[in-house]
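Here's the structure we're looking at; comments come further down.
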2 protein chains.
Amino acid sequence: MASTTRRTSAATADRRAAAEARTLGVVEKLLAEGASFTELSVERIASQAGLSRSTFYLYFRDKTELILRLTASLKSGTFEVGRDWGPDGPADGLTWLGDAYLRIIRHYRSRPGTYAAIMEVAGYDRTVREALEAGQRRFIDRVAGHLAEEQRAGRTSPALDPERAARVIVWGGEQVIARHVMDTEDDPAEDARVAHELAAAHWYGTYRRLSPA
Amino acid sequence: MASTTRRTSAATADRRAAAEARTLGVVEKLLAEGASFTELSVERIASQAGLSRSTFYLYFRDKTELILRLTASLKSGTFEVGRDWGPDGPADGLTWLGDAYLRIIRHYRSRPGTYAAIMEVAGYDRTVREALEAGQRRFIDRVAGHLAEEQRAGRTSPALDPERAARVIVWGGEQVIARHVMDTEDDPAEDARVAHELAAAHWYGTYRRLSPA
DNA sequence: GCTGCGCTGGACAGAGTGTCCAACACTTCG
DNA sequence: CGAAGTGTTGGACACTCTGTCCAGCGCAGC
């Protein structure tokens, strides 16, 4: 027998997906204009996205869901940047690392305010904090793996603890990049200098740490 | 002629100062119990401190002033820890740096939740953010000075940029310490391991960076 | 043209902030 | 003692924002 419920048209689903994407875009736009996430009211976000406040709550559980979605999209993009561990390849390892950091900086720059908003909400919301930590966990595991490899090959100090050293690199490095992007205007040359200074600190301090014999 | 306004008695001023200190203490206690600053209502803070909500607003401009005061007291304590730049002294520099970081970790541990609350409010309040940055500025200047000195003495790479390298150390290091304290239970042995891993990363990566000739 | 889905506007309860003020209590001084 | 000023309080208030709910409107599909 035929279903009594009328099937939802594909067009409707598309329209809804478009509206959600538009909403997230509006949030990023407002954040880029300097607003803090707390200052953004649902009314303002919804109206700018061409939705009523009621519809907003139909599409999103609450304001926090916006940040969770932005966290996922920002993190996945960042993780991609460091996909291929380059120092094994032909290029000079330090240069490769600096270039990778520069790409991450440029990625953050393309979405100014978004990372700051994530940090802001993570400050008082457990779910966002956990999402952020899960994203960092992936990085830490990857870096720890690389460090263990470098140790096995005798290219860095055997005294180094891969897991803790990886936390130092990921937590610290992310903060440096985030602060740099928040504090300074877009300037590719300065971005490159900071990226390479950070890379050098990590390279000589950890990836190729030469303990005195 | 005698002043018409009756002078405020010293006892009153003392009582008020005591009440303010008590209030700040209550806030730190509640934060240590796991509450986020946002969750803390003025009503709850005031009543626990034995004040009415009205009196709270007589003593503090607003909720944010609590955080500003806590920021000042936490920062001044941290800055003291690194007062005497030790590596010039007799002790091994790396060991000294690790011990200094350990003291900072222990300092943060003695006030669990406070740093997290500061970061939380800094996320949406400009004045708190600026207070935090001013505190870090002092550290950065100090570290940059030490690095320039190391360079002049030929003990670290001349390619290193003192100001940017100092930002990497201070921003990154503070984040590593904060995250470590927030994520783990009190464990002095683990604190020491993290402190010395962080110190080693900074030491070999920046203070004594040995670029290949 | 009927029917039902998607969306809207508006009302609502709840929580919290910061302001204001009248009233009470306490201290100090004449 | 009593007057007068100071410190503190409770309560009312205006405001903002969140998240829920629902009656109803319009449009698309049959």
Side-chain angles (χ1 to χ4, degrees), chain A residues 1-23 26-27 30-31 35-68 117 120-121 123-128, chain B residues 1-23 26-27 30-31 35-68 117 120-121 123-128:
Chain A
M1 65 180 78
S3 160
T4 52
T5 58
R6 209 169 277 199
R7 68 185 154 57
T8 301
S9 77
T12 299
D14 287 353
R15 206 148 29 87
R16 170 164 175 163
E20 292 182 10
R22 210 165 55 235
T23 306
V26 162
V27 172
L30 292 172
L31 291 173
S36 77
F37 187 68
T38 305
E39 286 163 16
L40 260 43
S41 69
V42 171
E43 173 63 44
R44 187 155 155 222
I45 294 167
S47 71
Q48 289 239 6
L51 300 174
S52 73
R53 214 167 69 90
S54 299
T55 308
F56 173 90
Y57 280 107
L58 236 47
Y59 290 179
F60 301 94
R61 173 191 295 272
D62 53 30
K63 232 180 120 181
T64 304
E65 194 185 322
L66 295 171
I67 288 294
L68 285 173
E120 176 188 340
V121 180
Y124 56 80
D125 186 284
R126 175 164 258 95
T127 62
V128 173
Chain B
M1 66 182 81
S3 160
T4 54
T5 58
R6 209 167 276 198
R7 66 184 157 57
T8 302
S9 77
T12 300
D14 286 354
R15 206 149 30 86
R16 170 163 174 163
E20 292 182 10
R22 210 165 56 237
T23 305
V26 162
V27 171
L30 293 172
L31 290 173
S36 76
F37 187 69
T38 304
E39 286 163 15
L40 260 43
S41 70
V42 170
E43 173 62 45
R44 186 156 156 221
I45 295 166
S47 71
Q48 289 239 7
L51 299 176
S52 72
R53 213 166 69 89
S54 298
T55 309
F56 173 89
Y57 280 107
L58 237 45
Y59 290 180
F60 301 94
R61 174 191 294 272
D62 53 30
K63 233 180 120 180
T64 304
E65 195 185 321
L66 295 171
I67 287 295
L68 285 172
E120 176 188 340
V121 180
Y124 56 81
D125 187 284
R126 174 164 261 97
T127 63
V128 174

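So you know, we letter chains A, B, ... as the sequences are listed, proteins then strands, and number each from 1.
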[X] has a side chain; which of [options] sits nearest to it?
X	options	answer
A/D62	C/dT17, D/dC21, D/dG19	D/dG19
B/Y57	D/dT9, C/dT19, C/dT8	C/dT19
B/V42	C/dT17, C/dC7, D/dC17	C/dT17
A/K63	C/dT8, D/dG19, C/dT17	D/dG19
B/R15	C/dA11, C/dT8, D/dG7	D/dG7
B/R53	D/dC17, C/dT17, D/dG10	C/dT17

Looking for any heavy atom pair under 4.0 Å, which part of the strands does [X] touch: base, sugar-phosphate only, or nothing?
X	value
A/S41	sugar-phosphate
A/Y59	sugar-phosphate
A/R16	nothing
A/T55	base

Round to the nearest Å and state the distance from [X] atom [atom1] to [N] atom [atom2].
X	N	atom1	atom2	answer
A/E65	D/dG19	CD	P	11 Å
B/F37	C/dG16	CZ	P	14 Å
A/R61	D/dT18	CZ	C1'	15 Å
B/I45	C/dA15	CD1	P	18 Å
A/F56	C/dC7	CZ	C1'	15 Å
B/L51	D/dG7	CG	P	15 Å
A/L40	D/dT16	CG	C1'	15 Å
B/D125	C/dT17	CG	C1'	14 Å

Short question: side chain of [X], backbone of [Y] - any donor-acceptor pair under 3.5 Å?
X	Y	value
A/R53	A/E43	no
B/D62	B/E65	yes
B/K63	B/S41	no
A/E39	A/A35	no
B/E120	B/S36	no

Has B/S52 got a side-chain N or O lying under 4.0 Å from the OP1 or OP2 atom of D/dT9?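 Yes, such a contact exists.
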